[in-house]
Every structure is written in structure tokens, then in C-alpha cells.
Q: 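Below: one structure in C-alpha cells.
Computed from a predicted structure; not experimentally measured. No hydrogens, no waters, no symmetry mates; every other heavy atom, side chains included, goes into these values.
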Amino acid sequence: MSIQWYPGHMTKARRAIAESMPSQDVIIEVLDARMPRASENPVVAELRGQKPCIKVLNKSDLADPAVTKAWLRHLEAEHPAPSGGAPAGGQVLAIAISANQSSEARRRIPELCKRLAPPKNGPGKVVRAMIVGIPNVGKSTLINTLMERKVAKVGDEPAVTKSQQLVTLKSGMAISDNPGILWPKIDDEAASFRLAVGGAIPDTAIDYQSVAHFAAGYFLRRYPELLAARYKLTDLPTTAAALIEEIGRRRGCLRSGGSVDLHKASDILVHDFRAGRLGRISLEEPPGLEEPSGIEESA
């Protein structure tokens with residue numbers, strides 16, 4: 001599944017980020033903890049250049065905790081601190097947060113920004129940080145958490161934030177929020193499936209059955225016990241197609257004549273994952289951990 005994007009608001013958002021980037025001290029890139037690499041936007045990496053960055057793995061309460069720890073180590077190791085007291089150009093620090101860790105996010109993120117930002121002297125000199133990320137990854141929720149009040153509109157659909165806004169934290173740090181942007185063309189098939197499963201791509205732009213097929217195959221290989229518990233399966237099906245059909249039968253997704261409505265069954269699986277009803281699942285693992293790959297084929 002290769003996805004191409006040419007929506008006008010994303011082009012406008014990219015331009016706004018590019019124009020604001022030179023004035024920023026630190027970039028805060030919000031990633032989906034369930035798929036940190038797939039949710040990294042190469043456009044952000046291109047635009048930030050050597051500016052230091054904090055990678056925030058959001059929704060970590062939905063991700064496999066062991067895999068998240070491995071990702072934190074990997075992301076920081078890719079862009080380590082310079083030696084000899086040199087400026088933190090290009091350095092990356094990583095942190096995992098979730099909806100129930102508001103106080104932790106408010107404490108640690110400003111601390112990490114100050115650690116990465118160059119010294120600021122004189123009146124009116126504050127650390128400036130920009131929050132960026134793909135759609136529906138939790139940027140606006142993070143802004144609201146840091147501000148301790150609702151200043152940004154949030155929702156469970158992509159592209160809720162439509163324009164850039166600037167807020168000032170109690171500490172004096174200035175943070176700008178931006179609409180989520182996807183890169184123009186997603187050629188990595190596995191990454192595009194992961195983004196679709198996680199909800200970064202509008203449901204109107206995806207084929208639910210193909211997306212659910214990918215998810216079912218991955219879950220069967222990596223998290224079979226969670227599937228068995230959620231859908232009360234004594235014997236797990238051996239293929240993605242068979243799993244989706246079994247979910248449909250157990251959840252009453254039947255057409256006249258007794259055949260399974262595969263679209264409805266696919267919808268159930270995908271939304272169970274997004275809501276965390278399957279359990280804590282990561283959709284990809286960093287290099288060095290064994291990662292099941294490929295798309296499960298029907299048999």
C-alpha cells in the first residue's frame with residue numbers, strides 16, 4: 001500500500017514550519033510510541049537540520065513497554081551528545097509519556113529543552129521550542145498538558161489542528177504548536193500500513209480490509225496471546241484472513257445467508273487496537289530486536 005498526499009493544508013503547514021524553524025532553539029517531535037520509526041516524518045528531519053530534538057513517544061500506555069524502552073535507547077544512540085562540551089547540535093533526547101503522566105511531562109520536557117538549548121542571557125531571552133509531528137499523534141494534547149489548561153483543540157481524527165499557534169509556559173518557555181503533516185508520498189509499504197492501523201491516515205483514504213489484514217498477520221505473529229484473550233479464542237486461526245473471519249463470526253458481523261461482513265470485522269479489529277482493548281502492542285521494533293516482518297498471506 002503506497003500512499004500519496006497532496007492536501008493543501010499540509011503544504012501550508014510545511015511552509016509555516018519551515019519559516020519558523022530558524023528561530024527555534026529545540027524541536028519537540030511527537031511520535032506514536034507504538035510505531036516510533038513509522039511516525040517519524042522525514043520532512044521534519046530535513047527542516048530541523050542540526051537543531052537539537054526531543055523525541056516524545058506519546059501513547060506509551062498503549063505500547064509494549066519492553067519495546068518502548070528499546071526504542072528510547074535506540075533513538076538517543078542514533079544522535080548522541082557531542083563530546084568535549086560542544087553545542088548539542090543534532091542531539092536527540094527521547095522520553096515516553098502517556099495520558100496519565102501529565103505531571104511527569106510538565107516537569108521533564110521543559111528540563112530537557114533547557115538541557116539541549118544554548119545558554120540564553122539578557123532580558124526577554126527565553127527558550128523557544130516547536131512541537132511537530134504527524135497527524136493524530138497527540139501534539140495538541142501535549143500542548144494542553146504543558147499549559148495545564150485547554151488551549152489547543154484535540155480529537156481522535158487526523159488533522160484537527162489547522163493552524164500554527166504560540167503559547168508561553170509558566171516557566172517562560174515559548175512553545176509553538178503546528179498542524180500535523182505527512183510527507184508527500186509514503187513508499188514504505190509496511191510503514192504506510194502501520195500509520196493506517198494507528199489512525200494517522202484518515203479512514204476515508206484507506207482500505208480497511210487490507211489494513212486489518214496487515215494488522216491481523218502481525219498480531220498473530222507477535223501477540224497471539226492478546227488476540228486469544230480479547231476474542232476468547234481457544235485455537236487461534238493460522239492466517240490473517242481466517243482471524244478476521246473468526247472475529248466477524250464471534251461479533252455478529254454476518255450478512256444474510258450467514259457470510260461474514262469482512263469490512264465490519266476489519267473495523268472491529270482496527271478500532272480494538274487503536275483503543276488499547278487488545279492490550280499493550282507495539283507495531284514495530286528497533287534494530288537489534290527480533291521483528292516479525294512481512295504481511296501475513298491467506299492460506
Q: Going by side-chain contact (heavy atoms from CB on, under 4.5 Å), name the residues that satisfy it together with A70, two or more places apart in sequence or in a different chain.
A: R73, P286, L289

Q: Please confirm whether the backbone N or O of S20 pairs with a side-chain atom of S23, one donor and one acceptor, at under 3.5 Å?
A: yes

Q: Report the relative orientation of the aromatic rings in H271 and Y208; use parallel for angles under 30°, tilted for 30 to 60°, perpendicular for over 60°.
A: parallel

Q: So, using side-chain contact (heavy atoms from CB on, under 4.5 Å) as the criterion, who are the partners of D32 when residues are at least two apart?
A: R34, M35, S39, K59, V137

Q: Could you work out, with side chain to side chain donor-acceptor pair (under 3.5 Å) as the rule, every residue matching K55, not counting sequence neighbours?
A: E29, E40

Q: Quick one: are I97 and L142 in side-chain contact, heavy atoms under 4.5 Å?
A: yes

Q: Are V92 and V127 grouped together when hydrophobic residues (ILVMFWY) are joined by side-chain heavy atoms under 4.5 angstrom apart?
A: no

Q: Can any side-chain N or O of Y218 pair as donor or acceptor with the backbone N or O of Y223 at less than 3.5 Å?
A: no

Q: Only pairs under 3.5 Å count here: list side-chain donor-acceptor contacts from residues 252-263, not counting sequence neighbours, and write none if there are none.
A:
residue: D261; atom: OD1; partner: H263; partner atom: N; Å: 3.1
residue: D261; atom: OD1; partner: K264; partner atom: N; Å: 3.1

Q: What residues, two or more places apart in sequence or in another chain, satisfy salt bridge (charged side-chain N to carboxylate O under 4.0 Å, His left out) together with E78?
A: R37

Q: Going by salt bridge (charged side-chain N to carboxylate O under 4.0 Å, His left out), name the residues that satisfy it together with R280, two or more places apart in sequence or in a different chain.
A: none

Q: Please answer whether the main-chain N or O of E245 pairs with a side-chain N or O of R249 as donor and acceptor at a distance below 3.5 Å.
A: no

Q: Suppose we screen for side-chain contact (heavy atoms from CB on, under 4.5 Å). Which residues come up paired with T168, at least two apart in sequence or across chains?
A: none

Q: Quick one: are R115 and I54 in side-chain contact, heavy atoms under 4.5 Å?
A: no

Q: Going by the rule salt bridge (charged side-chain N to carboxylate O under 4.0 Å, His left out), which residues pair with E111 if we only count those two or more places apart in sequence or in a different chain?
A: R107

Q: Using side chain to side chain donor-acceptor pair (under 3.5 Å) as the criterion, list what pairs up with T145, not counting sequence neighbours.
A: none

Q: Could you tell me whether a side-chain N or O of D25 sits under 3.5 Å from a main-chain N or O of A117, the two making a donor and an acceptor?
A: no

Q: Which residue pairs pass the ring pair (Phe, Tyr, Trp, His ring centres under 6.0 Å) test with at least one member in residues 31-77, sequence neighbours excluded?
A: W71-H74

Q: Would you say L169 and V56 are hydrophobically clustered, going by side-chain heavy atoms of ILVMFWY under 4.5 Å?
A: yes

Q: Show every ring pair (Phe, Tyr, Trp, His ring centres under 6.0 Å) that has at least one partner inside residues 25-62, sequence neighbours left out.
A: none

Q: Not counting sequence neighbours, which residues clear side chain to side chain donor-acceptor pair (under 3.5 Å) with D272? List them please.
A: R230, Y231, R277

Q: When you measure from the side chain of S282 to the backbone of D64, do you find a donor-acceptor pair of N or O atoms at a distance under 3.5 Å?
A: yes

Q: How long is the span from the CD1 atom in I27 to the CD1 atom in I17, to the nearest 0.5 Å?
A: 9.0 Å

